[in-house]
Structures are given as structure tokens and as C-alpha cells.
S.K.: 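The structure's right below; bear with me while I get my questions together.
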Protein chains: 2
Amino acid sequence: MFDRVDHVGIAVRNLDAAIGFYEKTFGVSLAHRERVDEQGVEEAMFRVGESWIQLLQPLGPDTPVGKFIDKRGEGVHHVGYGVPDLRKVLDHLKEEGVPLIDAEPRRGSRGSQVAFVHPKGVGGVLVELVQE
Amino acid sequence: MFDRVDHVGIAVRNLDAAIGFYEKTFGVSLAHRERVDEQGVEEAMFRVGESWIQLLQPLGPDTPVGKFIDKRGEGVHHVGYGVPDLRKVLDHLKEEGVPLIDAEPRRGSRGSQVAFVHPKGVGGVLVELVQE
């Protein structure tokens with residue numbers, strides 16, 4: 001059902017500073033930067049093997065990532081798993097009674113289709129399903 | 001410096017229940033299960049592409065993962081990045097002044113060499129470096 005860890009989404013306060021840290025300290029190269037108003041973030045993506053490190057700076061304190069940082073501080077915000085057929089996975093999760101944030105696929109960054117699964121159904125892990 | 005997301009380490013209260021959930025709901029197959037006394041956990045590994053999902057049940061409340069769950073609840077505990085040369089990466093991080101939990105490589109699960117980087121140096125993310 002999952003074919004890869006698509007990305008690890010990490011909440012940061014200052015995207016420019018975090019990009020500089022990841023480049024200098026971890027030697028990864030910025031591949032993509034995008035403001036995603038629907039999700040209230042500016043994001044930066046670094047390629048690592050078949051996955052991405054995704055840094056997320058909230059566009060304001062009342063956004064989901066802004067509230068996350070206010071409550072828990074910076075850190076891992078969610079895990080994205082790549083799936084070949086997002087609708088099929090969502091149908092399966094509905095049958096299993098797993099609580100979904102997105103019952104239907106919606107547009108993600110880089111032209112992908114995405115849906116979030118509620119962390120209360122996944123042992124505290126906010127899961128994003130990503131179909132390229 | 002990083003060649004893959006080696007694993008996402010997830011703290012769970014009940015390993016058997018969590019394994020059942022991941023198998024039934026996410027359709028991933030258990031590949032490996034091991035008690036790692038040095039780290040105070042019993043762990044279960046599921047292959048996803050070139051990465052692993054690693055579920056971690058603490059062996060007691062005074063272990064690092066036990067304290068994590070007590071403080072923050074279940075959820076993502078750390079991110080493991082695969083590196084080709086762990087000593088070289090540790091030397092670079094020391095030069096950069098990044099605080100390390102493990103200044104030298106130590107034995108991880110599956111015969112790997114690992115070292116943890118302190119989350120206060122990585123924007124709240126506990127990072128494990130893994131050399132197979």
C-alpha cells in the first residue's frame with residue numbers, strides 16, 4: 001500500500017535559517033521552495049534518496065503548523081508516505097474506520113494529490129498520503 | 001552526506017497492538033523484531049521502499065522512549081538518515097559545533113553502526129545517523 005517514505009515534514013520557525021543549517025550541516029541541497037497558502041506554510045524540499053526532507057514555516061500563528069510549534073515547539077510535524085492509488089487507500093481506511101482529515105484527495109505541492117490521516121487514529125502520528 | 005531516510009522511529013505504548021494496526025490498516029509486513037536492551041526498547045521494523053518504519057516500545061518508564069511517551073505521548077520519536085561513512089559525518093558535525101548524543105559510533109540494531117545527534121542542535125528533531 002505504501003511504496004516509499006515520501007517525506008518527513010518538519011516544523012521550523014525560520015525557514016531561511018533552517019535551510020542554511022540543513023545545507024551547511026547535513027550537506028543536502030535545496031531542490032524546491034514553495035508557498036502553499038491552502039496549508040498555511042512556506043515549504044522547502046531537500047532530496048534524500050527516494051524521499052524528501054520537507055521544512056515547513058507557518059505563514060501565521062493560527063495555521064496548523066503555527067499552532068503545532070506554539071504547543072510542542074519545532075520538530076517533526078508529519079510523515080508522508082507515497083502511495084500508487086490514493087483513492088483506493090482512502091477507501092480502505094474508511095472501511096477500517098480510521099479517522100481522516102481529508103476524506104477526498106486534494107492538491108498538494110509539486111502537482112501531487114494528497115490526503116491527511118488524523119493522528120488520533122495512527123498512534124499520535126500525523127500521516128500524509130501522497131500520490132505523485 | 002545522507003543517502004536515504006533510513007527509518008522513521010515511532011514511539012508506541014503497545015508494540016503488538018501497533019504491529020497489528022500497521023499490518024491491517026497500512027498493509028505493511030513485519031520484517032524484523034528485536035529487543036535492544038542498550039536503548040531500552042523492543043522494536044519492530046517494516047520495509048517501505050528503501051526505508052523502514054520502526055516502532056519502538058519502551059522497556060520501562062525510565063528509558064528514553066518511556067520518558068518521551070510520558071511527556072509528549074505516542075508519536076514520531078526520531079528520524080534516521082543513512083550515511084555511507086558515519087565517522088566522517090560525526091567529524092564534520094563536531095567541526096560545525098553540533099551537539100552530539102554519541103560522539104562515537106555505537107552498535108545499532110541489525111548489525112548497523114549508529115550515532116544520535118541532539119535535537120537541540122537540529123530544530124527539535126532527534127536525528128539518528130545509520131551506517132549499514
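Letters A, B, ... are given to chains in the order of the sequence lines, protein chains preceding strands, and every chain is numbered from 1.
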S.K.: Examine distances only and state if a side-chain atom of His118(A) and a backbone atom of Lys120(A) form a donor-acceptor pair shorter than 3.5 Å.
M.R.: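 Here the side-chain-to-backbone pair exists.
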S.K.: Where on Val76(A) is there a heavy atom nearer than 4.5 Å to chain B: the side chain, the backbone, both, or neither?
M.R.: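 Both backbone and side chain.
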S.K.: Is there a side-chain contact between Ile10(A) and Leu56(A), using heavy atoms and a 4.5 Å cut-off?
M.R.: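 A side-chain contact is absent here, since even the closest heavy-atom pair is not under 4.5 Å.
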S.K.: With a 4.5 angstrom heavy-atom cut-off, could you sort out which part of Ile53(A) is near chain B: side chain, backbone, both or neither?
M.R.: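 Interface part for Ile53(A): side chain.
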S.K.: Can you tell me how far apart OG (Ser29(B)) and CD1 (Ile19(B)) are? Round to the nearest 0.5 Å.
M.R.: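 One finds 12.0 Å between OG of Ser29(B) and CD1 of Ile19(B).
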S.K.: With chain B as the partner, which of Val8(A), Val122(A), Val12(A) has the greatest number of non-hydrogen pairs under 4.5 Å?
M.R.: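 Option with the greatest count: Val122(A).
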S.K.: Between Leu86(A) and Val48(B), is there shared hydrophobic-cluster membership here, with clusters defined by ILVMFWY side-chain heavy atoms closer than 4.5 Å?
M.R.: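 Yes.
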S.K.: Please classify the contact of Phe2(A) with chain B as side chain, backbone, both or neither, using a heavy-atom distance under 4.5 Å.
M.R.: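 Both parts, backbone and side chain.
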S.K.: Distance only, no hydrogens: is a donor on one side chain within 3.5 Å (strictly under) of an acceptor on the other, for His77(A) and Gln54(A)?
M.R.: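 No pair is found: no donor N or O on one side chain lies under 3.5 Å from an acceptor on the other.
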S.K.: Within residues 96-105 of chain A, which residues come under 4.5 Å of chain B, heavy atom to heavy atom?
M.R.: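 Within residues 96-105 of chain A, the residues that come under 4.5 Å of chain B (heavy atoms only) are Glu96(A), Val98(A).
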S.K.: Would you find a donor on one side and an acceptor on the other, under 3.5 Å apart, between the side chain of Thr63(B) and the backbone of Gly60(B)?
M.R.: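 Confirmed, Thr63(B) side chain pairs with Gly60(B) backbone.
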S.K.: Please examine the side chains of Val83(B) and Val130(B), heavy atoms only from C-beta on, and report whether any two atoms are closer than 4.5 Å.
M.R.: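 Not touching, per the 4.5 Å side-chain cut-off.
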S.K.: Is there a donor-acceptor pair under 3.5 Å between the side chain of Gln57(A) and the backbone N or O of Leu15(A)?
M.R.: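 Yes, the answer is positive, given that a donor and an acceptor are paired below the 3.5 Å cut-off.
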S.K.: Taking heavy atoms only and a threshold strictly under 4.5 Å, list by residue number the residues of residues 30-47 of chain A that touch chain B; give 'none' if the list is empty.
M.R.: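 Listed by number: none.
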S.K.: So which bits of residues 66-75 of chain B come within less than 4.5 Å of chain A, counting non-hydrogen atoms only?
M.R.: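 Arg72(B), Glu74(B), Gly75(B), listed by number.
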S.K.: Taking all atoms of both residues into account, what is the closest heavy-atom pair of Val125(A) and Val79(A), and its distance?
M.R.: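 Residues Val125(A) and Val79(A), closest heavy atoms: CG1-CG2, 4.1 Å.
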S.K.: So with a 6.0 Å cut-off around NZ of Lys24(B), is the heavy-atom count from everything else above 12?
M.R.: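 No, not enclosed.
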S.K.: In this structure, would Leu55(B) and Met1(A) fall into the same cluster of hydrophobic residues linked by side-chain contacts under 4.5 Å?
M.R.: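 Yes, Leu55(B) and Met1(A) fall within the same hydrophobic cluster.
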S.K.: What I'd like to find out is whether the side chain of Arg106(B) reaches to under 4.5 Å of the side chain of Val114(B), using heavy atoms alone.
M.R.: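 Side chain of Arg106(B) against side chain of Val114(B), heavy atoms only: contact under 4.5 Å found.
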S.K.: Do Arg4(B) and Tyr81(B) have side-chain heavy atoms sitting under 4.5 Å apart?
M.R.: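 No; the side chains remain at least 4.5 Å from each other.
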S.K.: Heavy-atom pairs under 4.5 Å with chain B: which of Arg13(A), Glu50(A), His78(A) has the most?
M.R.: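 Result: the option with the highest number of such pairs is Glu50(A).
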S.K.: With side chains defined as the heavy atoms from C-beta onward, is the minimum distance between Glu132(A) and Asp6(A) less than 4.5 Å?
M.R.: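 A side-chain contact exists here, since the closest heavy-atom pair is under 4.5 Å.
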S.K.: Between Phe26(B), Trp52(B), Phe21(B), who has the most heavy-atom pairs with chain A when the cutoff is under 4.5 Å?
M.R.: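 Highest number of pairs under 4.5 Å: Phe26(B).
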S.K.: Need one label for Val89(A): side chain, backbone, both or neither, based on atoms under 4.5 Å from any heavy atom in chain B.
M.R.: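 For Val89(A), neither part sits under 4.5 Å from chain B.
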S.K.: For Asp85(B), what residues pass the side chain to side chain contact (heavy atoms under 4.5 Å, CB included) criterion, not counting sequence neighbours?
M.R.: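 Asp85(B): side chain to side chain contact (heavy atoms under 4.5 Å, CB included) contacts with Arg87(B), Lys88(B).
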S.K.: Heavy-atom distance under 4.5 Å between the side chains of Val127(B) and Phe116(B), does that happen here?
M.R.: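 Not in contact.
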S.K.: Might you point out which heavy atoms bring Ser51(B) and Val5(A) nearest each other, and give the distance in Å?
M.R.: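 Nearest heavy atoms, Ser51(B) then Val5(A): CB-CG2, 3.7 Å.
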S.K.: Pick whichever of Ala18(B), Ala17(B), Gly123(B) has the most heavy-atom pairs under 4.5 Å with chain A.
M.R.: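 Highest number of heavy-atom pairs under 4.5 Å: Gly123(B).
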